[in-house]
2 protein chains.
Amino acid sequence: MKRRSTASKEEVLAVLKAEETAMSHDMLQSKLSVSMDRATIYRILNRFCEDGQVHKFVGDDGKQYFALCINCGDETEHHHHNHFHFKCLECGKVECLRDEVEVSLPKGYVTRSFNGFISGVCAGCSSLKKGEE
Amino acid sequence: MKRRSTASKEEVLAVLKAEETAMSHDMLQSKLSVSMDRATIYRILNRFCEDGQVHKFVGDDGKQYFALCINCGDETEHHHHNHFHFKCLECGKVECLRDEVEVSLPKGYVTRSFNGFISGVCAGCSSLKKGEE
DNA sequence: TTATTATTGCAACAAAGTCGCATTAATTAA
DNA sequence: TTAATTAATGCGACTTTGTTGCAATAATAA
Ligand SMILES: [Mn+2]
Ligand SMILES: [Mn+2]
Ligand SMILES: [Zn+2]
Ligand SMILES: [Zn+2]
């Protein structure tokens, strides 16, 4: 099952790149210049995940978010996603936090998947709020 | 708006205590000895959260989970929930991991809420699997 | 007992995500 | 270039989760 190059696929990828933020399905759909079915968007995103271009996580709103992988061409080292994602409650941007975290599990516990999500206020927005005072 | 003591409320609390695992709405409903409406269960659980008896988090399945708070009577120290939750993919149990974690955010970022969730295999289940080999 | 109002059940609803299936279109083979 | 193959899409149907409005019920206070 080889991947085909389609306009929809390119458009989704373009939006993800342009916005520079992790996006939920609905955020993405509202930014698309070409209208596209909901199921199609999910299928495109999940294909990206399978291919390792994108990773998926779940927000504290229960929604799935999708973010471009950095260094995804890098085959040499293991591709981990043990990092937190941060959602700014002011500007709405969702970003990957750089640091890979490690959680110390009790003896005998094994990790299969990691989902870290923090909501708060980003630097830009909190400095704006300071200025307003 | 003072709380009233009702059978439903006691039953939900009893199940949470007995099961010793964080539970999603559907897990809980299936364990109830008294049938109860879905909305009622959510309302009871959310009231527990408001009162600080229970805390809520979101799993990587996008569902809300509810767990009893330990030391909830303890008014002296701040009641934090910056801990991970672990779901065993074998036995299904969801538990709070003891350690409070701290994530180093970029300069100027402020945390409002924390949601940490790890799926994997717990000690009991991974030792069972070893035994089977 | 009676009045007050927190709690419940029920129905309706919105949103998220998935799936089957017929149609379309990208790619490959002829 | 044309025909065959099959990945990708659109659409509708569906499930699950969670919320809300409203009338009925019942715990508590008066
Ligand atoms: Mn990645
Ligand atoms: Mn707690
Ligand atoms: Zn912001
Ligand atoms: Zn287990």
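Here is the naming used below: chain letters follow the sequence lines, and residue numbers restart at 1 for every chain.
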K.L.:
Taking only Lys NZ, Arg NE, NH1 and NH2, and the carboxylate oxygens of Asp or Glu, determine whether A:Glu11 and A:Lys31 approach each other closer than 4.0 Å.
P.N.:
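Salt bridge between A:Glu11 and A:Lys31, a charged N being under 4.0 Å from a carboxylate O: no.
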
K.L.:
Ignoring backbone atoms, establish whether B:Ser24 has a side-chain N or O less than 4.0 Å from OP1 or OP2 of D:dT17.
P.N.:
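So the side-chain polar atoms of B:Ser24 never come under 4.0 Å of the phosphate oxygens OP1 or OP2 of D:dT17.
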
K.L.:
Quick one: A:Met27 CE to C:dA15 C1', roughly how many Å, whole number?
P.N.:
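My rounded result for the distance is 16 Å.
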
K.L.:
Between atom CG in B:Leu28 and atom P in D:dT16, what is the gap in whole Å?
P.N.:
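So the CG-P distance, B:Leu28 to D:dT16, works out to 18 Å.
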
K.L.:
In whole angstrom, give the distance that lies between atom CG of B:Asp60 and atom C1' of C:dA16.
P.N.:
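One finds 16 Å between C1' of C:dA16 and CG of B:Asp60, rounded.
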
K.L.:
OP1 or OP2 of D:dA27 versus the side-chain N and O atoms of B:Lys2: is any pair under 4.0 Å?
P.N.:
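For B:Lys2, the contact criterion (side-chain N or O under 4.0 Å from OP1 or OP2 of D:dA27) is not met.
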
K.L.:
Nearest-Å distance, NZ (B:Lys9) to P (D:dA26)?
P.N.:
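Atom-to-atom, B:Lys9 to D:dA26, this comes out as 17 Å.
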
K.L.:
Any donor and acceptor pair, going by atom type alone, linking the side chain of A:Asp61 with main-chain N or O of A:Lys63 inside 3.5 Å?
P.N.:
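Side chain of A:Asp61 to backbone of A:Lys63, a donor-acceptor pair under 3.5 Å: yes, one is there.
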
K.L.:
Kindly say whether, by distance alone, the side chain of A:Arg38 makes a donor-acceptor pair under 3.5 Å with the base of D:dG12?
P.N.:
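It does not, because no donor-acceptor pair links the side chain of A:Arg38 to the base of D:dG12 below 3.5 Å.
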
K.L.:
Using heavy-atom distances to pick each residue's nearest nucleotide on DNA chain D, tell me which of B:Ala7 and B:Gln64 is more 5'.
P.N.:
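Checking each residue's closest nucleotide, the 5'-ward one belongs to B:Gln64.
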
K.L.:
Just the rounded figure in Å: distance from P of D:dT17 to CG of B:Asn46.
P.N.:
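For the pair B:Asn46 CG and D:dT17 P, the rounded distance is 15 Å.
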
K.L.:
In whole Å, what is the span from the CD1 atom of B:Ile41 to the C1' atom of D:dT19?
P.N.:
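From B:Ile41 CD1 to D:dT19 C1': 14 Å.
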
K.L.:
Report yes if the side chains of B:Ile118 and B:Lys87 come closer than 4.5 Å at any heavy-atom pair, otherwise no.
P.N.:
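A side-chain contact under 4.5 Å is absent here.
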
K.L.:
When you check the phosphate oxygens OP1 and OP2 of C:dG9, does a side-chain N or O of B:Thr40 lie under 4.0 Å from one of them?
P.N.:
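Looking at the OP1 and OP2 atoms of C:dG9, one of them is under 4.0 Å from a side-chain N or O of B:Thr40.
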
K.L.:
Donor-acceptor pair under 3.5 Å: do we get one between A:Arg43's side chain and the base of D:dG10?
P.N.:
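Indeed, a donor on one side and an acceptor on the other fall under 3.5 Å apart.
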
K.L.:
Starting from C1' on C:dA26, measure out to CD on A:Glu10 and report it in whole angstrom.
P.N.:
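Atom CD in A:Glu10 sits about 12 Å away from atom C1' in C:dA26.
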
K.L.:
Of the options C:dC10, D:dT19, D:dT9, whose atoms approach the side-chain atoms of B:Asp37 most closely?
P.N.:
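So the side chain of B:Asp37 is nearest to C:dC10.
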
K.L.:
Between B:Tyr65 (OH) and D:dT17 (P), how many Å, whole number?
P.N.:
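These atoms are roughly 9 Å apart.
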
K.L.:
Look at A:Arg47 and D:dT9 and indicate whether a side-chain polar atom (N or O) is within less than 4.0 Å of OP1 or OP2.
P.N.:
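A:Arg47 to D:dT9 OP1/OP2: side-chain N or O found under 4.0 Å.
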
K.L.:
Check the phosphate of D:dT9 against A:Ser8, side-chain N and O only, distance under 4.0 Å to OP1 or OP2. Yes or no?
P.N.:
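The answer is yes; a side-chain N or O of A:Ser8 sits under 4.0 Å from OP1 or OP2.
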
K.L.:
Look at the side chain of B:Arg4 against the base of C:dT5 and say whether a donor-acceptor pair falls under 3.5 Å; ignore hydrogens and angles.
P.N.:
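Flag set: donor-acceptor pair detected.
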
K.L.:
So which one's nearest nucleotide on DNA chain D is more toward 5', A:Met36 or B:Lys56?
P.N.:
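That would be A:Met36.
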
K.L.:
Crowded around A:Glu50 CD? As in, over 12 foreign heavy atoms under 6.0 Å?
P.N.:
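Atom CD in A:Glu50 is crowded, with more than 12 foreign heavy atoms closer than 6.0 Å.
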
K.L.:
Give a yes or no on whether B:Val101 and B:Val58 share a hydrophobic cluster (residues Ile, Leu, Val, Met, Phe, Trp, Tyr; joining criterion: side-chain heavy atoms under 4.5 Å apart).
P.N.:
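In one cluster with B:Val101: B:Val58, no.
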
K.L.:
The side chain of A:Asp26 lies closest to which of these nucleotides: D:dG18, C:dA16, C:dA26?
P.N.:
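Within the option list, the nearest is C:dA16.
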
